J.: 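Structure below; questions to follow.
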Amino acid sequence: QVQLVESGGGLVQPGGSLRLSCVPSGSIFGINVMAWYRQAPGKQRELVAAITSDGITNYADSVKGRFTISRVDAKNTWYLQMDSLKPEDTAVYYCNADSLVVAGTGGEPKYEYDVWGQGTQVTVSS
């Protein structure tokens with residue numbers, strides 16, 4: 001099964017920036033919607049940003065104008081550029097792919113759905 005690997009989290013001061021990356025393992029032929037979610041302590045997981053295969057983006061109101069999602073299909077990789085970070089952005093950030101076309105055991109293409117990364121911690125604090 002495909003795994004998603006996030007990187008780029010860490011500790012940053014308010015007003016600072018971080019860039020998260022998400023890279024899938026295995027042979028990937030394509031990914032439909034790529035997204036970032038986050039979950040703060042005691043809160044439900046929420047959608048932060050998403051980008052379709054056509055490049056259409058969607059953002060949570062709380063991050064509009066500060067975060068930018070992007071994708072590089074040649075690398076099957078997507079990013080979340082986070083600027084002007086606030087303490088309330090502190091959370092574990094997860095990448096998600098709603099559907100992927102991957103190579104099966106015989107090399108044939110097959111679909112996998114709703115794949116999640118393991119999460120990366122982002123802490124915004126002075």
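Sequential numbering from 1 along the given sequence is applied to the chain's residues. Please read all numbers here as calculations on a predicted model, not as lab measurements.
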J.: Is the backbone N or O of Ser99 less than 3.5 Å from a side-chain atom of Glu112, with the two atoms forming a donor-acceptor pair by type?
T.: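 No: the side chain of Glu112 does not pair with the backbone of Ser99.
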
J.: So, for Ala91 and Arg38, which heavy atoms are closest and what is the spacing to 0.1 Å?
T.: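 For Ala91 and Arg38, the tightest heavy-atom pair comes out as CB-CB, 3.8 Å.
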
J.: Between Cys22 and Trp36, is any pair of side-chain heavy atoms under 4.5 Å apart?
T.: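 In short, these two side chains touch, coming nearer than 4.5 Å.
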
J.: Of all heavy-atom pairs between Trp78 and Met34, which one has the smallest distance, and what is that distance?
T.: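 Of all heavy-atom pairs spanning Trp78 and Met34, the closest is CE3-SD, 3.3 Å.
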
J.: Could you walk me through whether Lys86 and Asp89 pass the salt bridge (charged side-chain N to carboxylate O under 4.0 Å, His left out) test, one step at a time?
T.: CA-CA 5 Å; Lys86 304 175 181 180; Asp89 295 317; over 6 Å; no

J.: Checking Tyr37 against Arg45: is there a side-chain donor and acceptor pair closer than 3.5 Å?
T.: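 Side chains of Arg45 and Tyr37: no pair found under 3.5 Å.
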
J.: What pair of heavy atoms forms the shortest contact from Leu85 to Arg66, and how long is it?
T.: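 The answer is CA-NH1, 3.9 Å.
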
J.: Any side-chain to backbone donor/acceptor pair from Glu108 onto Gly106? Under 3.5 Å, distance only.
T.: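 Yes, Glu108 side chain to Gly106 backbone: donor-acceptor pair under 3.5 Å.
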
J.: Side-chain contact, heavy-atom cut-off 4.5 Å: Asp73 with Arg71?
T.: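 Yes, close enough: below the 4.5 Å cut-off.
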
J.: Are any non-hydrogen side-chain atoms of Asn32 and Val101 less than 4.5 angstrom apart?
T.: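 Side-chain contact under 4.5 Å: no.
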
J.: Do Val72 and Tyr79 touch side chain to side chain, with heavy atoms closer than 4.5 Å?
T.: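 They are in contact (side-chain heavy atoms under 4.5 Å apart), so the answer is yes.
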
J.: List the atom of Ile69, the atom of Ala35, and the distance in Å for their closest heavy-atom pair.
T.: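 Where Ile69 meets Ala35 most closely, the heavy atoms are CD1-CA, 4.2 Å.
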
J.: Is a side-chain N or O of Ser25 found less than 3.5 angstrom from the main chain of Gln3, in a donor-acceptor match?
T.: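 Yes, because the side chain of Ser25 sits within donor-acceptor range (under 3.5 Å) of the backbone of Gln3.
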
J.: If you look at every heavy atom in Tyr94 and Glu6, which pair is closest and at what distance?
T.: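 Minimum heavy-atom contact is CA-OE2, 3.2 Å.
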
J.: Do Lys110 and Val102 touch side chain to side chain, with heavy atoms closer than 4.5 Å?
T.: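 Yes, side chains in contact.
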
J.: Can you find a heavy atom in the side chain of Cys95 that is under 4.5 Å from one in the side chain of Leu20?
T.: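 No, too far: nothing below the 4.5 Å cut-off.
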
J.: Are any side-chain N or O atoms of Gln13 and backbone N or O atoms of Ser125, one a donor and one an acceptor, separated by less than 3.5 Å?
T.: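 Not a single qualifying donor-acceptor pair exists.
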
J.: Return the set of residues passing side chain to side chain contact (heavy atoms under 4.5 Å, CB included) with Val33 (not counting sequence neighbours), or none when no residue passes.
T.: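 Residues passing side chain to side chain contact (heavy atoms under 4.5 Å, CB included) with Val33: Ala50, Thr52, Asp98.
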
J.: Give, for atom OH of Tyr93 and atom CZ of Phe67, the distance between the pair rounded to the nearest 0.5 Å.
T.: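 Rounded to the nearest 0.5 Å, the OH-CZ separation comes out at 4.0 Å.
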
J.: Please check if Val115 and Ile51 belong to a single hydrophobic cluster, counting links between Ile, Leu, Val, Met, Phe, Trp and Tyr side chain heavy atoms closer than 4.5 Å.
T.: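 Val115 clusters together with Ile51.
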
J.: Checking Gln121 against Thr123: is there a side-chain donor and acceptor pair closer than 3.5 Å?
T.: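 Yes - a donor-acceptor pair under 3.5 Å links their side chains.
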
J.: Looking only at atom types and distance, does a side-chain atom of Thr120 sit under 3.5 Å from a main-chain N or O of Ser7, one as donor and one as acceptor?
T.: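 Pair absent, no side-chain N/O of Thr120 close to backbone of Ser7.
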
J.: Roughly how far, to the nearest 0.5 Å, is the CG atom of Leu4 from the OG atom of Ser21?
T.: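 Those atoms lie 12.5 Å apart.
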
J.: Closest heavy-atom contact between Leu80 and Val48?
T.: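 That would be CD2-CG1, 4.2 Å.
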
J.: So with a 6.0 Å cut-off around CZ of Phe29, is the heavy-atom count from everything else above 12?
T.: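 Enclosed.
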
J.: Run the side chain to side chain contact (heavy atoms under 4.5 Å, CB included) check on Val2 and Ile28 step by step: do they pass?
T.: CA-CA 9 Å; Val2 172; Ile28 310 295; 3.7 Å; yes

J.: Side chains of Ser70 and Gln81: closer than 4.5 Å at any heavy-atom pair?
T.: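 When only atoms from C-beta onward are counted, Gln81 and Ser70 do not touch, as no gap falls below 4.5 Å.
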
J.: Residues in salt bridge (charged side-chain N to carboxylate O under 4.0 Å, His left out) with Asp83, at least two apart?
T.: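 Salt bridge (charged side-chain N to carboxylate O under 4.0 Å, His left out) check on Asp83 returns nothing, list empty.
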
J.: Does a side-chain heavy-atom distance below 4.5 Å link Leu47 with Tyr59?
T.: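 Side-chain contact under 4.5 Å: no.
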
